[in-house]
Amino acid sequence: MIILTRAASNDRWLTTPGTWRGARLADGHRTATVSCPGCGRAASLSDHEIAVDGTVSPSLVCPYADDPERPCAFHDHVRLEGWAP
């Protein structure tokens with residue numbers, strides 16, 4: 001399992017791979033956006049469940065895996081350090 005750390009307050013665009021920021025969906029549901037530990041591109045966890053301890057399920061597969069110009073092979077179980085529901 002890989003532990004993702006909360007992004008620094010000045011890292012608004014998640015430029016550091018392996019970091020996360022909290023987010024809210026239009027319906028008020030709390031989720032997160034992560035910077036892929038593999039390629040550093042941002043992705044929403046809106047289609048994942050985040051447990052009280054920050055464990056994300058199902059496992060995180062980089063949504064850019066099929067990008068023809070810059071594919072990413074990241075796939076692992078992750079936990080968001082510091083997640084508070």
Side-chain angles (χ1 to χ4, degrees):
M1 177 173 288
I2 294 179
I3 308 300
L4 305 183
T5 58
R6 187 183 307 241
S9 60
N10 64 348
D11 190 6
R12 185 172 171 202
W13 302 109
L14 290 174
T15 58
T16 305
T19 58
W20 67 274
R21 295 186 75 71
R24 287 209 184 267
L25 300 176
D27 66 2
H29 178 79
R30 187 151 184 253
T31 188
T33 301
V34 301
S35 177
C36 175
C39 67
R41 291 178 278 185
S44 172
L45 295 180
S46 62
D47 58 350
H48 289 72
E49 293 294 322
I50 305 172
V52 173
D53 70 351
T55 301
V56 176
S57 60
S59 58
L60 180 61
V61 177
C62 182
Y64 301 99
D66 297 328
D67 184 333
E69 294 181 25
R70 219 174 95 200
C72 178
F74 181 82
H75 180 190
D76 210 330
H77 295 277
V78 299
R79 185 167 58 84
L80 308 179
E81 181 179 68
W83 175 260

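Note that these values count all heavy atoms, side chains included, but never hydrogens, waters or copies made by symmetry.
- The minimum heavy-atom distance between Arg41 and Pro71, with the atom names listed, is NH2-C, 4.3 Å.
- Annotation: side chain of Cys62 is not in contact with side chain of His75 (no heavy-atom distance under 4.5 Å).
- A 6.0 Å sphere centred on CG of Asp47 holds more than 12 heavy atoms belonging to other residues, nucleotides or ligands.
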- Could you walk me through whether Leu80 and Leu45 pass the side chain to side chain contact (heavy atoms under 4.5 Å, CB included) test, one step at a time? CA-CA 11 Å; Leu80 308 179; Leu45 295 180; 4.2 Å; yes
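- Atoms OG1 and CH2, on Thr31 and Trp20 in that order, are 10.0 Å from each other to the nearest 0.5 Å.
- The closest donor-acceptor contact from the side chain of Thr55 to the backbone of Arg79 lies at 3.5 Å or more, if one exists at all.
- If you chain together hydrophobic residues whose side chains sit under 4.5 Å apart, Leu14 and Phe74 never meet in one group.
- Rounding to the nearest 0.5 Å places OG of Ser44 at 14.0 Å from CZ of Arg21.
- In plain terms, the two heavy atoms of Cys39 and Tyr64 that are nearest each other are SG-CD1, 4.5 Å.
- Distance OG1/Thr15 to CG/Asn10: 8.0 Å, rounded to 0.5 Å.
- Hydrophobic clustering, with ILVMFWY side chains joined whenever heavy atoms are under 4.5 angstrom apart, groups Ile2 together with Ile50.
- Taking every heavy atom of both residues into account, Glu81 and Ile3 meet most closely at CB-CG2, 3.6 Å.
- With contacts defined as side-chain heavy-atom distances shorter than 4.5 Å, the pair Leu60/Val34 qualifies.
- The main-chain N or O of Thr19 is never found under 3.5 Å from a side-chain atom of Ser35 such that the two would form a donor-acceptor pair.
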- Please walk me through it: do Trp83 and Arg30 pass side chain to side chain contact (heavy atoms under 4.5 Å, CB included)? CA-CA 11 Å; Trp83 175 260; Arg30 187 151 184 253; 3.6 Å; yes
